[in-house]
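Data first, discussion second: the structure below is written as structure tokens.
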Amino acid sequence: QTPVLVDQQADISLCSRRHAVATSATSVLSLLLAPELAAAASEEPAECRNGAIVGESQISGAYQQICMELPVRSTPLRSTGDVLTIAQGTTDGGSTRTVQGRTGVAVWNSSLLFSRLLDAISISQDESFLTGKTVLELGCGCGLSSIAAAKLGASRVIATDGNAEVNQLSRYNVEKNGMESVVETAELKWGLLNAADYFDEADIIIGSDLTYNSGTWRVLAETMGAALKPNGFVVYLSLGHSGFNVSGELAGFLSVLESEGLEVIDEKSPRWPLKGVVSSMSQLLASCVNPSEKVV
């Protein structure tokens, strides 16, 4: 059996395997802000600045929050001094949707928190956990976490999503943040057959808030199991939304992952990759959240 690391309290998991088990931005995105990207970021309302995590409200079949209505979100990386500027595809001038693709067109709280976590891991050690690694992101949406991984030292990042137009949006953001030499974008629908194109390719697989639909757990787990290199790791965060049983969701998904040959590991495991650096993932994650955001 192979190892999977999880901190149930933080609802974040890290998974490991012992054994071997791009497009460019198109005319769709010409509607999106090109020269105005930096200016739009500077005009973010105070409650959305610096990649703030903001409370959501439930609407029919989905969730929304004020920052999703902005054309651009910006968020800093403390370890590098970069400010990542991420275009959203939710609105054009506040009225018309420019990119179809539902959830993937907005910067979600989970993606913001996940990029902070990667940044915090980088700050905690002399050499980044990501340095020189091939990173595969599943369900990349706007591409924030993939861009952060590239800025934090990954030598190659593959940002994937199952929606072609969402991939155009992520590619746009990759280019606007100057990471096109490191980050490639690709359409990837989960499942063993499609994941075969990435067999044993990723040192690290990342993702956030992908498990809200239990019907996708099996194909997501198959994709992770196929694409991960021997001795690689999966870093996954599930933040959820109001009314979600996130701990139950994560526990259910992890049981499916274990059936794919991954093993849950924790800070006491001999395979914990951050020994002497991060003694508690819960504490590290808590340090990534401002006091006002903890309520959210």
Side-chain angles (χ1 to χ4, degrees), residues 4-8 10-17 53 56 61-63 68 86 89 101-118 135-149 157-167 169-170 185-195 197-198 201-202 204-228 232-260 262 264 281 285:
V4 180
L5 169 162
V6 61
D7 187 322
Q8 293 282 6
D11 298 318
I12 178 168
S13 64
L14 179 61
C15 313
S16 168
R17 293 175 77 228
I53 294 172
E56 299 170 344
Y63 290 82
M68 290 179 179
I86 308 296
R102 302 176 185 172
T103 58
V105 300
V107 176
W108 290 85
N109 287 335
S110 58
S111 179
L112 291 164
L113 183 58
F114 192 80
S115 65
R116 291 184 195 179
L117 179 67
L118 294 179
V135 176
L136 172 68
E137 182 176 12
L138 301 176
C140 71
C142 298
L144 170 58
S145 296
S146 285
I147 295 167
V157 180
I158 310 166
T160 69
D161 200 281
N163 184 286
E165 289 192 344
V166 170
N167 281 311
L169 178 61
S170 66
T185 61
E187 183 176 348
L188 176 59
K189 298 186 185 298
W190 301 336
L192 192 58
L193 184 61
N194 293 326
D197 292 337
Y198 300 95
E201 195 151 346
I204 300 171
I205 293 176
I206 62 174
S208 60
D209 269 3
L210 306 177
T211 50
Y212 51 86
N213 179 0
S214 61
T216 66
W217 289 355
R218 177 61 59 186
V219 290
L220 177 56
E222 288 175 350
T223 302
M224 290 177 171
L228 197 62
F233 294 91
V234 175
V235 186
Y236 174 70
L237 181 146
S238 184
L239 187 59
H241 307 278
S242 176
F244 276 46
N245 178 7
V246 183
S247 295
E249 170 193 319
L250 186 60
F253 176 60
L254 288 174
S255 68
V256 176
L257 274 179
E258 288 181 300
S259 72
E260 290 296 320
L262 286 86
V264 179
M281 191 66 85
L285 192 63

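Because the structure is predicted, anything quoted here is derived from the model rather than measured.
- In this structure, the side chains of Val157 and Ile147 stay at 4.5 Å or more apart for every pair of heavy atoms.
- A distance of 12.5 Å separates CH2 in Trp190 from CD in Glu222, rounded to the nearest 0.5 Å.
- Side-chain contact check for Thr216 versus Leu210: every heavy-atom pair is 4.5 Å or farther apart.
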**Message:** For a side chain to side chain contact (heavy atoms under 4.5 Å, CB included) check, start with the C-alpha distance between Leu285 and Leu237, then their side-chain angles and the critical distance, and finish with the verdict.
**Reply:** CA-CA 10 Å; Leu285 192 63; Leu237 181 146; 3.8 Å; yes

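- Proximity of Leu239 to Val246: side-chain heavy atoms (C-beta onward) are nowhere separated by under 4.5 Å.
- Here the shortest heavy-atom pairing between Leu169 and Gly89 reads CD2-N, 3.7 Å.
- Atoms CG and OG, on Leu113 and Ser208 in that order, are 8.5 Å from each other to the nearest 0.5 Å.
- When every heavy atom of Met224 is checked against every heavy atom of Leu257, the shortest pair comes out as SD-CD2, 3.8 Å.
- Looking only at side-chain heavy atoms (C-beta outward), Met281 and Leu117 come within less than 4.5 Å of each other.
- With Trp217 contributing its side chain and Thr211 its backbone, the two residues share a donor-acceptor pair below 3.5 Å.
- Judged purely by distance below 3.5 Å, without hydrogens or angles, the side chains of Thr160 and Tyr198 never pair a donor atom with an acceptor atom.
- Among all heavy-atom pairs drawn from Val166 and Gly104, the shortest one is CG1-O, 3.7 Å.
- When all heavy atoms of Ala202 and Ile205 are compared, the pair lying nearest together is CB-CG1, 3.8 Å.
- Of the inter-residue distances, the one linking Leu188 atom CG with Asn163 atom CG reads 13.0 Å to the nearest 0.5 angstrom.
- Side-chain N or O atoms of Asn109 include none that pairs as donor or acceptor with a backbone N or O of Ile53 at under 3.5 Å.
- Applying the salt bridge (Lys or Arg N to Asp or Glu O under 4.0 Å) test to Glu56 and every residue at least two apart in sequence or in another chain returns nothing.
- With Leu136 as reference, Ile158 is the one residue of Ile206, Ile158, Val234 to meet the side-chain contact (heavy atoms from CB on, under 4.5 Å) rule.
- Atoms CD and CG, on Glu260 and Leu220 in that order, are 10.0 Å from each other to the nearest 0.5 Å.
- Side-chain atoms of Leu138 and Tyr236, non-hydrogen and from C-beta on, never get closer than 4.5 Å to each other.
- With rounding to the nearest 0.5 angstrom, the CG atom of Leu250 is 6.0 Å from the OG atom of Ser238.
- Thr223 OG1 to Arg218 CZ: the interatomic distance, rounded to the nearest 0.5 Å, is 11.5 Å.
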**Asked** Under the side chain to side chain contact (heavy atoms under 4.5 Å, CB included) criterion, do Val135 and Ser146 qualify, and how do the steps go?
**Response** CA-CA 8 Å; Val135 176; Ser146 285; over 6 Å; no

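- The shortest distance between side-chain heavy atoms of Leu262 and Leu228 falls below 4.5 Å.
- Of all heavy-atom pairs between Ser145 and Ser115, the closest is OG-N, 4.4 Å.
- Listed for the Asn167 side chain is no donor-acceptor partner under 3.5 Å among the backbone atoms of Thr185.
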